[in-house]
Amino acid sequence: MQNEAGADGLTAVHEHHGEAHAAHNPALLHHFAAPEQQRDAASLGMWVFLATEIMFFGGLFCAYLVYRRWYFPSFAAASKSMDAGLGATNTAVLICSSLTVVLAVWAAQTARRTLLIGSLILTMIFGLAFLGIKGKEYRDKFEEHHVPGVSFSFENVPVPGHPGEYANPRHAQIFFALYFVMTGIHALHMIVGLGIFAWLLTMSWKGRFSPQWHTPIEIGGLYWHFVDIIWIYLFPLLYLIDRHA
Amino acid sequence: MQPTIPHPMIPQPVFPEAAEQKNYLNEKYGAWSWLMTTDHKRIALLYLLSITFFFFIGGFFALLIRLELLTPAGDLVQADTYNKLFTMHGMVMVFFFLIPSIPAVLGNFLVPMMIGAKDLAFPRINLLSWYLYIIGGALMMHCMLTGGVDTGWTFYTPFSTGFTNTKIVEAGIAIFIAGFSSILTGLNFVVTIHRMRAPGMTWSRLPLFIWAHYATSIIQLLGTPVIAITIVLVAAERALHLGIFDPKLGGDPLLFQHLFWFYSHPAVYIMILPSMGVITEIIACFSRKRIFGYHFVAFSSIAIAVFGFLVWAHHMFVAGISVYSALVFSFLSYAVALPSAIKVFNWTATLYKGSIHYDAPMLYAFGFLGLFTIGGLTGLFLSALGIDVHVTDTYFVVAHFHYIMVGGAVMGYLGGIHFWWPKISGRLYPEGWARLAALIVFIGFNLTFFPQFLLGYMGMPRRYYDYSHMPEFQILNVMSTAGATILGVGYLLPMVYLLWSMRRGKPASENPWNAAGLEWKTASPPPTFNFDEEPVVTWEAYNYDELDAPHKEEVPVAK
Amino acid sequence: MLNNFPLWPDQASTMASRVDALYIFLLLVTGAMALLVFACVAFFAARFRHRPGVRAEQIEGSNALEITWSAIPFLIFMAIFGWGAFVFFQERTPPADAAEVYVVAKQWMWKVEHAEGQREINELHVPVGRDVKLIMTSQDVIHSFYIPAFRIKQDVLPGRYTVEWFRATKPGVYHLFCAEYCGTQHSGMVGSIVVQQPADYEAWMNGASTGPLSASGEKIFAELGCSTCHRSDTQGRGPNLQGVFGKPVQLDDGRTVTADENYLRESILDPGSKRVKGFQPIMPTFQGLVSEEQVNDLVAYIKAISLSKPINGAKTSANRAVSGDSSDTEGQTPPLPSGSKVQ
Amino acid sequence: MSEHAKSSPLKMYFGIWITLLFLTYLTYRVAAVDLDPFNAAVALTIATVKATLVALFFMHVWHASEKLTKLVIVAALFFLLLLLGLTMTDYATRLWS
Ligand code: HEA
Ligand code: HEA
Ligand code: CUA
Ligand SMILES: [Cu+2]
């Protein structure tokens, strides 16, 4: 562990790592000088990671934008075939989960163990509910043959607001392709989030967090909120194209 | 403390006075201590090994390409094999060699030391990113050994999604994973540079190497995710025929190109910026001078990173984009060339009134200057719309990017490896051999790639395995192949003598070049946490005037 | 085939000398810049090499210099950009009266159809001094139609037309390359461009021909039942197609588009995506029912009935011009081919 | 980031939560109203308001973050706009389709 000698007289005994801080904070890694530095690094790290996530979804939004401009009537028709009620419900579910996340962070800051654990459990329940509803929507789409591929069928679906006009199945298929990729990747993020929260829950259960140190809850929360924000955009983009009429 | 069992992989000290020193190399022994290490310096060495491996794989493919092109007829390999060769050559060289090369090896090793930190901000993530690289690399190897891919490294649709039956998805996943590794490296650098600087290490005291890596990280962070999602779409399209890139199903194949180049153009700056950082350090040290126009060089790195995102469609001038769009992207391409020009001029000005030493790293730096300038200037040809129409997809382009990537980036990488070798290994490399290698690489390189400019303007298309319809191209191709063999020797030489020096080289002092920079203020090789006490920086970057102050002895630089 | 100057490609089109001029300008400018940089580096490296006892002189930098060496290159860059854009504009703007040739690319061959009906594979015959516009599409993947001696290249995409044009200036046989990687035999997708004197060209032209494309188009038009809806009076359920080509079309969603080749193509293969104002969406899609060549024929036919008043596909504007019928001086017909006009 | 010196922020959290739910309902209902060209704009504006609320208050960008966090967000959005915007220079000006 210890480096006794440099090449020259600069040598000094390296302060044994962590011991001084270990009393408050067993989690301080010893390449950090202070807990604040460690927490700031973690939080910046998560923000930077979220920036990469924006670009990750950005590629999909780009594809979506291109085809929505091109194939607007079919996109509108396809969007209309979605169950916007379920979509809105899911949005509400995620918003509730964001509330419980923020409560969890607050509980950790103020050392409210029961609230902390309760909020984390609620968050996970909301997350599972979201995935359940999503699963049902996927099943519906499957049954309606709206899943792109050989069995895809979208014949004679009228274009909203244009009587007598029908969606082009090929264009609608692109909509559904984007729908499944976008929501699928979003759901994947939810599943990862659930994993993170399961871990946070065990940590909280074991009493690892304190008002001095609860960085994992904070940055886990940032991640969860971000996934929520993505959905906030996916909902109108996928479910609410030209719904009137 | 573990018992010190000598390990065959690790050079054992030959000199008694060195035997007592503990450093990152000899602190722990055994394969496990390497595979589980979170020490950024050890991870850098893990990368060094794996990247060298992939460089030789890629180089091996290059040699086969060149052998095939020795004669006009397609006689050495089959057409499909050739197509796989250049595809795998490009993919390996780009994604598994050049993109990780300097950041993951030298950057990993030096970024914390240069800013006075004990390690990167997230050492375990750093290890994870090496493992991701290895998993991606293993997948790539598996893919190559079981058939490979034949789309070119650019994966153009609809060929890749509907017309080839090679292992696109597997190669895609390999690149996806390697991309993740690249993102994590960038993330670690950004956070480390923001959060872990030693007291007194202000932004304008940062070595320009750090600025270059900071700019590189921006690209890695914001560009790589886009290629990742593009790969996902290609894989999905291929598996399920979604139609997103398939014109038969209403999709647009050009959308793929937009998304691909949105990453892959900035990616070329991932390859060159770190190399520019290395060159800056070398030029300052071997001219014993502060870099001319420090702030301009620093900000030009950031400018390259940002402008680099504005020019991607210059790869698509004849692809069918709108004329208006082509004009915009051509214009912006010149905007990104400007910061590169600023760098070249400032390096040149740094030499003025310097005290210039001709050690091997400096020879590589000279090589870089010359070849990067030629490569960059030919980039100006390509971004001139009228000319690109003629030379796009010909050997002119091949020559352009090899001048920058091999002549520029790889030269910089080799220069950096030599420059910091004493720090990394604690040994000096043999100077005479190193100078010879630099010379051979330079000559071999020009012989290989200069003829390709001529070939390109004459009209030889790239990715052609058989040119029997145009035998007039043969002479230049023969020159190119001859050059490539010389180049291969030039690359093998450093392998040999650097390995040799790990055991036999003279032990290096703390600061053999009398160079500025915190990394030289600790032992060679450094202790595990880099510094025995946290450094406090009270001096400006490149304080060569102080280092060379007359009251000190003249420090021998050349050996 | 090689010019007397080796290492330099033939100059065989009007574009070649323009591109070469810009290229030479760039060689000179960048060569001068490179020489300047290299000379400075070499001079400084020699002049200021390390001498014992002589210390480097520290120089912080100079804003004036920085501005100079940013501004001057920038101006040079803008000159290059402007010139490059200018040449590009010419490359991308086919003269309105160019003779038309349809090109269908497929792995790994070029199928060429002259408007007059001559079909060729991996070869293209053109007369000297005549503007030729290539209307290209691909049956499978992306290819690229590249003629180095003409300095032109254009990717050929599936699902739409791309266009390039040239005017050959020197008789001879030139390389045709596929420049976009397209699979196994990409390097075998090569051919020749045969540039002939107008007289030779006409002799070649009068060889075997299946009749003009527009004539085949007319036949297909009738066979597929297009004519049941598209009639030359106002009674049809579809719009009258006479005179539609090249004109603005009012769409149902309020947009106005110009009826170019791509529009016609899309109207046949994907009628729903751009619907003409005032018509019902009843036109069936012909995607999958017609080959690329048949689409080309239909497009040629619709263009023919747009450009010349009498609708008898046998005599199209393009056809007339090539056969040297100089009596037609209307704006939309191509100029005379004339060997003497070689530049 | 954490500001435990302040009094309980719970009220604010619940207020934001209610607002978000309301906006969700609003966007759902307004989609059924024909605003002809403005439906998409309204939906996206509401989404942006919601996203901003989540970022500012739930992710503590408003109260507790340093400038750097804001810079990271702005930078990411800027590059996203570059991707979308510059791609559109092509798609919006193509003569075909
Ligand atoms: C490290 C890699 C790297 C770097 C740094 C660059 C840098 C540049 N590249 Fe290059 N490029 C590639 C790697 C790289 N490129 C690759 C791999 C491809 C092909 C991909 C494929 O298709 O497979 C490619 C292809 C490519 C194309 C597309 C060609 C085609 O396919 O048709 C274009 C077109 O504009 C281009 C332009 C440029 C420009 C303008 C720069 C500029 O950044 C250069 C700036 C530098 C200078 C200009 C030199 C120094 C300046 C001076 C000394 C100033 C003085 C000069 C004057 C005043 C004239 N490059
Ligand atoms: C970092 C990037 C990088 C590097 C370093 C190189 C290095 C080299 N490249 Fe490559 N190249 C690319 C990136 C790179 N290339 C890319 C992106 C493409 C485009 C691919 C595509 O079209 O999709 C390309 C394409 C490409 C082509 C065009 C193929 C074609 O279009 O048909 C050619 C042809 O000459 C070529 C040659 C070379 C040569 C001679 C080297 C030399 O510098 C290599 C020298 C190294 C060695 C010679 C290794 C020495 C090792 C030994 C001698 C040991 C033998 C090996 C074993 C025992 C395993 N490259
Ligand atoms: Cu067709 Cu290459
Ligand atoms: Cu580029």
Side-chain angles (χ1 to χ4, degrees), chain B residues 79-80 152 156 158-159 163-164 247 253 287-290 292-294 296 318-320 323 327 330-331 334 337-338 341-342 344-345 348 351-357 369-370 373-374 377 380-381 384-387 389-390 392-393 454 458-459 461 463-466 469-470 472 544-545 548 554, chain C residues 2 7 9 19 22-23 26 30 33-34 37-38 40-41 44-45 48-50 52 54-61 66 69-70 73-74 77 80-81 84-85 87-88 91-92 140-142 144 146 148 151-155 157-159 162 175 177 179-188 190:
Chain B
D80 276 328
Y156 273 16
F159 181 68
F163 288 86
T164 175
S287 344
R288 317 299 307 159
K289 274 189 65 182
R290 177 172 167 85
F292 190 92
Y294 172 95
F296 286 91
V318 303
V323 172
L327 287 180
S330 168
F331 176 80
Y334 289 101
L338 208 57
I342 292 177
V344 169
F345 293 134
T348 311
L351 299 174
Y352 179 68
K353 298 216 169 156
S355 170
I356 294 164
H357 299 261
L369 263 182
T373 302
I374 296 180
L377 290 172
L380 301 178
F381 287 61
L385 288 161
I387 291 188
V389 169
H390 174 48
T392 183
D393 275 317
L454 305 173
M458 286 166 70
R463 298 170 172 174
Y464 264 34
Y465 107 108
D466 170 337
H469 293 268
M470 39 283 185
E472 67 269 25
Y544 282 102
D545 49 343
D548 290 347
E554 186 82 28
Chain C
L2 264 175
L7 302 185
V19 173
L22 174 57
Y23 183 67
L26 266 159
T30 58
M33 276 326 266
V37 171
F38 298 163
C40 288
V41 170
F44 295 160
F48 301 112
R49 74 180 175 279
H50 170 71
V54 182
R55 288 179 58 202
E57 205 174 293
Q58 302 300 325
I59 308 167
E60 181 58 36
E66 301 283 353
W69 65 44
S70 308
F74 184 74
F77 290 168
I80 302 173
F81 162 70
V87 174
F88 185 68
E91 276 163 348
R92 279 298 123 91
D140 36 49
V141 302
I142 304 179
S144 191
Y146 177 33
R151 312 286 188 274
I152 57 163
K153 179 186 291 125
Q154 172 62 53
D155 281 8
L157 290 111
T162 51
H175 287 309
F177 294 139
E180 183 62 63
Y181 176 68
C182 55
T184 310
Q185 285 303 328
H186 164 59
S187 59
V190 296

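Below, chain A is the first sequence line, B the second, and so on; all start at residue 1.
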Using every non-hydrogen atom in the two residues, find where [X] and [Y] come nearest and quote the distance to one decimal.
X	Y	result
B:H390	C:P148	CE1-O, 3.6 Å
C:Q154	B:A319	NE2-C, 4.2 Å
C:V54	B:S355	O-OG, 3.8 Å
B:K289	C:I59	NZ-CD1, 3.7 Å
B:G293	C:E66	CA-OE2, 3.6 Å

Stepwise side chain to side chain contact (heavy atoms under 4.5 Å, CB included) test for B:F345 and C:V37: CA-CA 8 Å; B:F345 293 134; C:V37 171; 4.0 Å; yes

Best-contacting candidate, [options], against chain B by heavy atom pairs under 4.5 angstrom:
options	result
C:C40, C:S144, C:S70	C:S70
C:D140, C:I152, C:T162	C:D140
C:F77, C:F74, C:Y23	C:Y23
C:Y181, C:F38, C:Y146, C:F177	C:Y181
C:G61, C:S187, C:G183	C:S187
C:I142, C:T30, C:I80	C:T30

Counting only non-hydrogen atoms closer than 4.5 Å, does [X] touch chain C with its backbone (N, CA, C, O), its side chain (CB onward), both, or neither?
X	answer
B:F381	both
B:V389	both
B:F296	side chain
B:T373	side chain

B:P247 and C:L157, any side-chain heavy atoms less than 4.5 Å apart: no

Per-residue contact mode, [X] against chain B (heavy atom under 4.5 angstrom):
X	answer
C:V190	side chain
C:E91	side chain
C:L22	both
C:R92	side chain

Residues which pass side-chain hydrogen bond (donor to acceptor under 3.5 Å, both in side chains) with C:Q58, listed by chain and number, not counting sequence neighbours: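 With neighbours one apart ignored, the set is empty.
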
Set of side-chain hydrogen bond (donor to acceptor under 3.5 Å, both in side chains) partners for B:D393, sequence neighbours left out: none

Ring geometry between B:Y352 and C:F48 (parallel below 30°, tilted from 30 to 60°, perpendicular above 60°): perpendicular

Whether C:W69 and B:F292 hold their rings parallel, tilted or perpendicular, with breakpoints at 30° and 60°: tilted

Top contributor to chain C interface from B:Y294, B:Y544, B:Y156 [non-hydrogen pairs under 4.5 Å]: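 With the most close heavy-atom pairs to chain C, the winner is B:Y156.
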
Pick from B:L454, B:T164, B:L380 with the largest number of heavy-atom pairs that fall under 4.5 Å of chain C: B:L380

Check against side chain to side chain contact (heavy atoms under 4.5 Å, CB included), B:D545 and C:R55: CA-CA 8 Å; B:D545 49 343; C:R55 288 179 58 202; 3.9 Å; yes

C:E60/B:R290 under side chain to side chain contact (heavy atoms under 4.5 Å, CB included): CA gap, chis, key distance, verdict: CA-CA 7 Å; C:E60 181 58 36; B:R290 177 172 167 85; 3.0 Å; yes

Donor-acceptor contact below 3.5 Å, side chain C:K153 vs main chain B:T392: yes

